[in-house]
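In what follows, a single structure is set out as structure tokens and then discussed.
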Amino acid sequence: AVLSPLLLVGADTSRAALGLIILLMTYALRLVAVLLVLALAQASGGVDTRWLAVTLIALSLVWTGTQVALVGRSRATL
């Protein structure tokens, strides 16, 4: 689900900064959790670093391509 800062604070524009801070903090927390899991997996020898890097790059390219394709199809205007 796509959340915007205004949706988090009930469309109150005076509190949009609070919604943005909440979104950024939860994003940072998820990023730290993923990095911690990957670090533990690498330390245990369960992850091949080269294949992990190739997989992450490939998935990033697929995600970016999908976003570009979806924006290209979108007929909504700002």
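Bear in mind the structure is a predicted one, so any value in this text is a computation, not a measurement. Side-chain atoms are counted along with the backbone in the values below, which use heavy atoms only and exclude waters and symmetry mates.
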I need the full list of side-chain hydrogen bond (donor to acceptor under 3.5 Å, both in side chains) pairs touching [range], with sequence neighbours left out, sorted by first then second residue.
| range | value |
| --- | --- |
| residues 21-35 | none |
| residues 62-72 | none |
| residues 34-47 | Gln42-Thr49 |

Side-chain cluster (under 4.5 Å, hydrophobic types only) that [X] belongs to, other residues:
| X | value |
| --- | --- |
| Val62 | none |
| Trp51 | none |
| Leu40 | Leu36 |
| Val47 | Val34, Leu38, Leu52, Leu56 |

